[in-house]
Every structure is written in structure tokens, then in C-alpha cells.
Number of protein chains: 2
Amino acid sequence: MGEKAILDLHLVSDSTCETVVSVARAAVEHFKSLEVNEFVWSLVGSKSHVDRIISSIDRKRNNLIMYTVLDDDLREYLKKKAEAYNIRCIPILSHIIREISCYLSVAKDPNAHPHRLSDEYFNRIEAINYTIAHDDGQSLWDIDGADIIIVGVSRTSKSPTSIYLAYRGYKVVNIPFVHSITLPIDSAALADKLVVGLTIDIDRLIQIRRNRLISMKNQSNCNYISYEQVEQEISEVNRICMKNQWPLIDVTQKSIEETAATIIQFFNRKNNKIGGDAFC
Amino acid sequence: MGEKAILDLHLVSDSTCETVVSVARAAVEHFKSLEVNEFVWSLVGSKSHVDRIISSIDRKRNNLIMYTVLDDDLREYLKKKAEAYNIRCIPILSHIIREISCYLSVAKDPNAHPHRLSDEYFNRIEAINYTIAHDDGQSLWDIDGADIIIVGVSRTSKSPTSIYLAYRGYKVVNIPFVHSITLPIDSAALADKLVVGLTIDIDRLIQIRRNRLISMKNQSNCNYISYEQVEQEISEVNRICMKNQWPLIDVTQKSIEETAATIIQFFNRKNNKIGGDAFC
């Protein structure tokens with residue numbers, strides 16, 4: 001084996017591959033020196049589809065298959081086929097299903113279906129639609145429907161953070177704070193809402209905005225990246241949050257997932273929930 | 001134990017809980033008769049935080065802890081503490097990390113950090129921003145930047161499907177098809193792009209639109225839900241897709257994750273990728 005190990009990772013599911021992708025990526029993050037080629041095989045619904053996957057694998061390389069396959073027959077077929085070709089095949093969920101089953105003395109359902117169109121699913125779709133419609137200060141007339149309101153200056157990741165939260169089921173409004181323009185909401189009317197401010201290191205924000213202008217081929221907007229104005233914008237947002245006792249999150253070193261997780265903690269605290277949201 | 005088993009599920013991570021939530025939800029989908037109360041504990045960063053979690057658990061109930069904890073000390077502390085309280089504690093990633101490590105004879109990194117701000121991460125943020133800016137036929141002047149273009153009539157889940165794809169790293173434009181208005185794009189100019197049409201059962205679409213009008217307190221828009229018009233709209237989209245050889249997906253019985261997975265398959269096929277997207 002050379003300096004750097006290379007791994008071909010074959011992710012297989014008869015559903016969407018969402019879980020297996022999430023787990024595989026989290027696992028390989030523990031091996032920074034590893035070079036990983038990822039092959040995603042979703043909606044695998046037949047033995048011939050399994051055959052196609054197996055025959056696409058270059059057996060001279062390092063290969064691992066990871067899978068979540070609900071259909072019993074198909075799962076057994078995949079395992080047998082992989083074994084015949086001498087390829088390691090790792091289940092993602094089996095040990096957890098076994099633990100739940102043993103602990104509660106309940107058998108797993110013979111015909112489970114993932115992502116069925118449940119109430120929880122439709123709530124999530126509604127949250128995504130609501131959040132898109134209320135991106136960047138749009139449609140503030142029905143701000144009452146929001147679970148979470150995010151306030152911040154331009155380029156503090158308000159939109160992706162909102163979308164991430166929407167995907168977790170929260171209806172989010174995000175409102176840009178623009179220099180010398182009053183925030184277009186009545187903070188007194190939002191007393192029972194979670195409003196969160198996003199703040200960021202000034203130099204980092206100038207760098208992000210400069211890149212943004214370059215990518216838009218618009219480098220004449222000097223105010224947008226002037227230190228004085230950026231500093232004023234940020235300190236104004238900080239002041240407004242302080243005055244209204246809205247929590248403020250510094251996103252400088254945070255990924256959107258981390259910012260969103262922090263916001264969910266504030267949300268749970270405000271709504272007296274322990275840990276997180278209950279679901280059935 | 002009564003008729004229906006009840007399980008309190010405590011999901012713990014020193015990161016965002018994304019992986020552990022995804023796995024836990026996929027696993028409990030195998031037990032439809034189970035009633036699950038989910039408690040999400042993200043960004044757990046200290047032993048006192050672990051103490052708070054453990055002390056919040058009602059030991060008279062059925063409890064399972066599932067976790068992804070990167071920090072070695074903290075993980076050991078959680079395991080010991082749970083054991084002392086006699087609560088089953090299930091790791092999500094350990095067996096996979098072990099398999100990778102054994103198979104390739106590489107040790108896992110001592111200080112792994114999840115969701116670090118990598119190129120892949122910034123590409124994803126860019127994809128989300130692009131997709132929001134191009135929702136519902138906006139900003140078509142830079143449609144060239146898109147990876148995927150989705151066309152469909154109103155209420156065929158174009159927006160949430162686009163957002164889901166964006167979250168997986170694809171830049172998506174979605175364009176509504178409106179009755180008797182020409183599609184505002186030049187299909188010849190899109191020859192090298194993946195354009196996908198969404199179609200749906202007529203009765204189902206009328207039902208979705210009727211609910212939409214009720215929720216908007218606007219029940220006077222008869223055309224929007226008239227059988228004739230809905231039928232015309234859908235057959236027009238089908239015709240356009242057929243003419244341009246754009247694949248058409250029937251979303252009637254599909255979740256957005258399933259629709260997105262199908263679109264990714266078309267994308268890979270168009271770009272001659274095996275399985276899915278490679279990443280390092």
C-alpha cells in the first residue's frame with residue numbers, strides 16, 4: 001500500500017441513500033489521510049440492479065460496500081453476492097434495529113417503508129415552502145407563522161441556515177439588516193417568538209463580501225466592503241439584539257449545521273423543551 | 001409492558017446530531033407499533049453537559065441513548081455514566097470506523113473534526129444560495145450556472161425538491177409552468193443541461209391545490225383547481241418534456257427524497273458517472 005490509502009466506497013440503498021451517505025461521510029471524517037471515491041446507488045429495487053453494482057466494482061482496488069436495504073430478500077442477495085466476490089459489506093442499521101428489538105422485546109415490522117408520506121413529512125415540506133417564501137425579508141405580513149426569526153447583515157449565512165432549519169421542520173423568516181435602514185419589523189410584536197441575531201468577525205465578513213463581488217463581477221460597490229461601514233452594520237445588529245434580549249450567535253468559525261444546532265437549543269429553551277423535539 | 005411499547009430515545013453528539021438523528025429515525029421506522037419520544041442533545045461539549053443529560057432521564061421508562069461523540073474522553077465518560085445508571089448506550093459509527101481501520105490498516109485520526117469548513121462545504125453553501133435565488137423561475141439570466149433545471153406546474157414540490165438537491169451540492173433552477181404562458185426558457189440553449197419535468201396525478205394535484213387555497217383563505221380561484229385546466233396544464237408539461245426528450249418523474253406517490261434520488265440518477269447518467277458523485 002502506498003503513502004495514502006485509497007478507498008472506493010459503494011453506498012447502496014433501496015431507498016434514498018440519505019442515511020447511508022450521512023453515516024459514511026461522518027465515518028470517513030475520522031480518516032483525513034484517506035482518499036475516498038464515493039459511489040451512491042439509491043433506489044436499488046431488483047437483483048439485476050445489485051448485479052450491475054457488483055459488476056461495476058473494480059476488484060483490484062480497495063472496496064467497501066455500506067448499505068441500508070429494507071427488503072429482506074434483496075439484502076440477503078446483496079450480502080451473498082458481495083461475499084462471492086470477496087467484497088466487505090457493512091450494514092448501517094442492523095445492530096441498532098437488533099438492540100431496539102431485544103431491549104423492548106418487539107419484532108421489527110416485516111414490511112417497513114421509509115419516508116412514507118406522514119404528517120411529520122408534510123409539516124417539513126410546509127416548513128421548507130414557508131422558509132423559501134420568507135427568505136431575505138420577503139412576505140413579512142405573515143411573520144406570525146414563523147417558529148424562528150433570524151436577523152443579520154448581508155453574507156452571514158442567514159439563507160442556508162434557514163433552509164437547514166426548515167429541513168428539520170422549523171418555519172423560518174430571515175431578515176437582512178441593511179445599513180441605516182430600520183429593521184422592517186415591530187420587535188414588540190415578536191415578544192413570544194425566538195429571534196436570533198447572527199454576527200461575524202469584521203475582517204472575515206469583508207473577505208466573504210469581496211469574494212461575492214468578484215463572483216458577481218461587480219467590484220465597484222465600495223461601501224459594501226468598507227471597514228467603517230461593515231463595522232457599523234455589525235455593531236448596529238449587536239446593539240439591536242442586546243436591546244431586545246435576542247440571542248446573538250457568532251458564525252465566524254461555525255458551519256451552518258453548528259449555527260442551526262445552536263438555534264434549536266435556544267428554541268427548545270424558549271419553549272421549555274428538554275433536549276429536542278419529540279416525535280412519534 | 002402494555003399494548004404499545006414506548007421508548008425514550010436520547011440522541012447525543014458533540015457535533016450537530018445530524019448523523020445520529022438520521023440513523024435513529026431510519027431505525028425506528030422499522031417499528032411502526034413503537035411510540036418514540038426523541039430528545040436531541042447536540043453540541044455536547046463537557047462532562048457537566050453529559051451529567052445534565054443523564055440526570056434528565058426518567059429511569060422508570062424505557063430509555064436508549066444513541067451517540068456520535070468524537071472526543072475520546074467525553075465518549076468514555078458518557079459510556080461510564082450511562083452504565084452506572086443502567087441505561088443502554090449505542091454507538092452509531094464505531095463499528096464502521098473499526099471496519100475501515102482494520103480493512104485498510106490505517107488508524108483513525110486522534111483529533112477528527114466534523115463539518116470542517118472544506119471546499120465541499122463551501123460548494124454546498126453556494127449551491128443552496130444559488131438555488132434559493134433561482135426558486136420559482138427567478139433570475140433566469142444566469143441559468144447557465146445550474147446543474148439541474150426542474151420544470152413543473154404549481155404544487156408539484158419543485159421548491160422542496162430543489163432545496164433537497166441543493167443541500168446535496170447541486171445548483172438547481174426550478175421553473176413553474178403556467179397555463180397558456182410559454183415556458184420562459186430557450187430549450188435549445190439547454191441541450192447540455194439536465195432538465196427534468198415533474199408530473200402528478202390530476203385528482204391528487206387538485207386536492208393539494210384545494211388545501212393550499214383553504215390555507216391561504218382564498219377559495220375564489222376556480223381555474224386553479226378546475227379539472228379541465230389542471231388536466232391541460234399537466235398534459236402540456238408532459239408534451240413539452242416528451243418533445244425535448246427531458247425525463248419526466250411522476251411525484252404522486254413519491255417523497256421529495258425519492259424524487260431527488262431519481263433526479264440524481266438522471267444527472268449521473270447524463271454525466272456518465274457511475275453510481276454517484278465522487279468526493280474526497
Side chain / backbone / both / neither for L93(B) at chain A, heavy atoms under 4.5 Å: side chain
Contact class of I132(A) relative to chain B, heavy atoms under 4.5 angstrom: side chain
Value rounded to 0.5 Å, distance of OG1 in T131(B) from CG in L165(B): 8.0 Å
S94(B) versus chain A, the contacting section by heavy-atom distance below 4.5 Å: neither
S101(B) versus chain A, the contacting section by heavy-atom distance below 4.5 Å: both
Which atoms of V21(A) approach chain B - backbone, side chain, both or neither, heavy atom under 4.5 Å: side chain
Which atoms of V20(B) approach chain A - backbone, side chain, both or neither, heavy atom under 4.5 Å: neither
Contacts of type ring pair (Phe, Tyr, Trp, His ring centres under 6.0 Å), residue Y164(B), not counting sequence neighbours: Y167(A)
Segment of H10(A) engaging chain B (4.5 angstrom heavy-atom cut-off): neither
Chain A contact via R155(B) - side chain, backbone, both or neither, heavy atoms under 4.5 Å: side chain
Interface residue of largest heavy-atom contact number with chain B, from D8(A), I53(A), I125(A), under 4.5 Å: I125(A)
D135(A): salt bridge (charged side-chain N to carboxylate O under 4.0 Å, His left out) partners, not counting sequence neighbours: none
Part of I163(B) within contact of chain A (heavy atom distance under 4.5 Å): side chain
Salt bridge D72(A)-K108(A), side-chain N to carboxylate O under 4.0 Å: yes
Stepwise salt bridge (charged side-chain N to carboxylate O under 4.0 Å, His left out) check, K32(A) with D109(B): CA-CA 7 Å; K32(A) 281 289 167 235; D109(B) 302 342; over 6 Å; no
Check: D142(B)/H134(B) side-chain N/O donor and acceptor closer than 3.5 Å: yes
Pairing of E18(B) and R25(A) as salt bridge, 4.0 angstrom limit: no
Rounded distance [0.5 Å steps], CG in L11(B) versus OH in Y67(B): 13.5 Å
Residue A107(A) versus chain B: region with a heavy atom under 4.5 Å: backbone
Within 6.0 Å of CG in D58(A), more than 12 heavy atoms from elsewhere: yes
Which portion of I100(B) sits near chain A, non-hydrogen atoms under 4.5 angstrom: both
Leading residue by heavy atom contact count with chain B [cutoff under 4.5 Å; candidates S42(A), S13(A), C17(A)]: S42(A)
Residue, of T68(B), D136(B), L43(B), T262(B), that accumulates the most heavy atom pairs under 4.5 Å with chain A: L43(B)
Pick from A166(B), A27(B), S157(B) with the largest number of heavy-atom pairs that fall under 4.5 Å of chain A: A27(B)
N86(A) CG: over 12 foreign heavy atoms closer than 6.0 Å: no
